[in-house]
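Below, all heavy atoms of this structure are taken into account, side chains as well, without hydrogens, waters or symmetry copies. Just so it is clear: chains get the letters A, B, ... in the order the sequence lines come, proteins before strands, and each one is counted from 1.
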Amino acid sequence: MPELPEVETIARNLREGNSQVPSVMGMRVTGAEVFWTRTIAQPDSKAFVTLVRGQEIRGVSRRAKYLVFELSEDYMLVHLRMSGDLILCPAGESCANHVRMRLQLDRDWQLDFNNPRKFGRVWLLEDPADLFSSLGPEPFDPTLTPEGFFASLSRRKRQIKPLLLDQGFIAGMGNIYTDEALNLAKIHPLTRADELDQEQADLLLESIRRVLNDGIRRNGASIDWVYQGGDFQNYFRVYQRTGEPCPDCGTPVERIVVGQRGTHLCPQCQTLG
DNA sequence: CACGAGACCTGTTCGC
DNA sequence: TGCGAACAGGTCTCGT
């Protein structure tokens with residue numbers, strides 16, 4: 001589930017609460033359990049448990065696809081990777097089947113890191129800067145202008161889809177929103193980045209922002225068993241819609257493989273120059 | 001630098 | 001029904 005809109009939704013729900021759960025702001029960590037040791041990337045899991053205890057949650061935000069917990073002493077960063085989710089669950093209850101790490105909180109809540117495929121990771125750091133140093137700009141950063149975006153594209157010879165998935169080029173895009181944005185912008189995923197003109201770059205940046213915004217507005221996308229919450233999956237244009245009509249021209253959507261990722265496109269709208 | 005393949009993991013779905 | 005293959009929202013590392 002976790003691309004920018006899903007991570008943003010999780011951060012917002014934890015920060016602000018919703019009809020089901022309260023905000024975690026001001027809650028204190030009274031203990032931690034690690035059920036899959038490799039979940040903790042830094043420090044080691046034993047040190048993590050010791051260090052995190054007693055810290056108060058003072059902020060929850062997002063950078064790229066990382067959840068950023070500002071604690072009283074450190075920052076806790078969580079990357080959900082392919083199948084992770086964070087669930088605020090009443091203390092002592094079982095809200096998920098694959099919990100790899102749990103923070104016990106006061107006020108009778110616990111924060112469960114559910115993660116069936118065990119790819120997700122957690123860091124506890126004094127300063128998150130090193131983790132973030134190689135990340136590209138946030139898509140909504142106002143200093144990311146159409147002109148600057150075009151200039152960045154012009155310097156790259158990679159295919160546009162793998163480039164958009166590269167978190168060092170632009171942060172937060174994943175397989176869903178990349179396919180959606182490229183279809184909206186009518187750009188073939190194999191197009192070389194330096195072959196796009198200014199007009200296409202403008203449209204691509206606008207499309208990226210539009211699909212991400214739509215995703216956020218719908219609380220993200222919920223595909224299959226991994227995640228419940230959003231309903232953006234009902235508004236996909238091409239992602240996992242192989243054989244269904246392109247929303248613009250009606251041509252059946254095709255599936256190809258690009259960089260080992262399933263890729264969905266309209267062969268009529270998105271052609272190679 | 002660009003690219004492809006393989007790793008890391010478990011669960012679901014599809015085809016025979 | 002059963003069983004293996006294919007596939008899944010991500011990222012890292014290695015070889016060419």
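Nucleic acid contact class of A:Arg255 (heavy atoms, under 4.0 Å, all strands): sugar-phosphate only. Across all strands, A:Gln159 comes closer than 4.0 Å only to sugar-phosphate atoms, never to a base (heavy-atom distances).
For A:His79 and C:dG10, the shortest distance from a side-chain N or O to OP1 or OP2 is not below 4.0 Å. An OP1 or OP2 oxygen of B:dA2 is reached within less than 4.0 angstrom by a side-chain nitrogen or oxygen of A:Arg156. Note on A:Lys118: a side-chain N or O is less than 4.0 Å away from OP1 or OP2 of B:dT10.
A salt bridge links A:Glu138 with A:Arg63: the closest approach of a Lys/Arg side-chain nitrogen to an acidic carboxylate oxygen falls below 4.0 angstrom. Comment: A:Asp194 engages A:Arg192 in a salt bridge, judged by a side-chain N to carboxylate O separation of less than 4.0 angstrom. Salt-bridge check for A:Arg261 with A:Asp179: failed, with every basic side-chain N at 4.0 Å or more from each acidic carboxylate O.
A cation-pi contact, defined as under 6.0 Å to the ring centre and within 45° of the axis, is absent between A:Arg156 and A:Phe169.
The nearest whole Å value for the distance from the CD atom in A:Gln167 to the P atom in C:dG9 is 14 Å. Nucleotide B:dT10 holds its P atom 14 Å from the CG atom of A:Asn114, rounded to whole Å. Across the protein-nucleic acid pair, A:Phe169 atom CZ and B:dA2 atom P stand 11 Å apart, rounded to whole Å. Between the CG atom of A:Leu164 and the C1' atom of C:dG10 there is a distance of 15 Å, rounded to whole Å. Rounded to an integer number of Å, the gap from CD1 of A:Ile223 to P of B:dG11 is 19 Å. Taking atom CZ of A:Arg261 as the reference point, atom P of B:dC3 lies 16 Å away to the nearest angstrom. A:Met82 has its CE atom 15 Å from the P atom of B:dT12, to the nearest Å. Spacing between atom NZ of A:Lys161 and atom P of B:dG4 amounts to 13 Å, rounded to whole angstrom units.
Spacing of P atoms, B:dC9 relative to C:dG4, comes out at 22 Å, to the nearest Å. Here the separation of B:dG6 from C:dA6, taken at their P atoms, is 13 Å to the nearest Å. Comparing B:dC14 with C:dG9, their P atoms are spaced 15 Å from each other, to the whole Å.
Between A:Cys266 and A:Cys249, the SG-SG separation does not fall below 2.5 Å.
Comparing B:dC3, C:dG10, B:dT10 by their nearest atom to the side chain of A:Arg81 picks out C:dG10. Set against C:dG10, B:dC9, B:dT10, the side chain of A:Trp36 has B:dC9 as its closest nucleotide. Picking from C:dG10, B:dC9, C:dG9 the nucleotide with the shortest atom distance to the side chain of A:Lys65 gives C:dG10. Of the candidate nucleotides C:dA8, B:dC3, C:dT11, C:dA8 has the atom lying nearest to any side-chain atom of A:Tyr239. With B:dA2, C:dG10, B:dC8 as the choices, the nucleotide that has an atom nearest any side-chain atom of A:Arg38 turns out to be B:dC8. Each of B:dA5, B:dA2, B:dT10 was ranked by its minimum atom distance to the side chain of A:His98; first place goes to B:dT10.
If you check distances only, the side chain of A:Arg117 does reach the base of C:dA8 with a donor-acceptor pair under 3.5 Å.
Nucleotide B:dA7: paired with C:dT11 (Watson-Crick or G-U wobble, both distances less than 3.5 Å).
Ring pair A:Phe232/A:Tyr239: centre-to-centre distance not below 6.0 Å.
Evaluation of A:Phe119 against the base of C:dT11 yields no stacking contact (centre distance < 5.5 Å, interplanar angle < 30° required).
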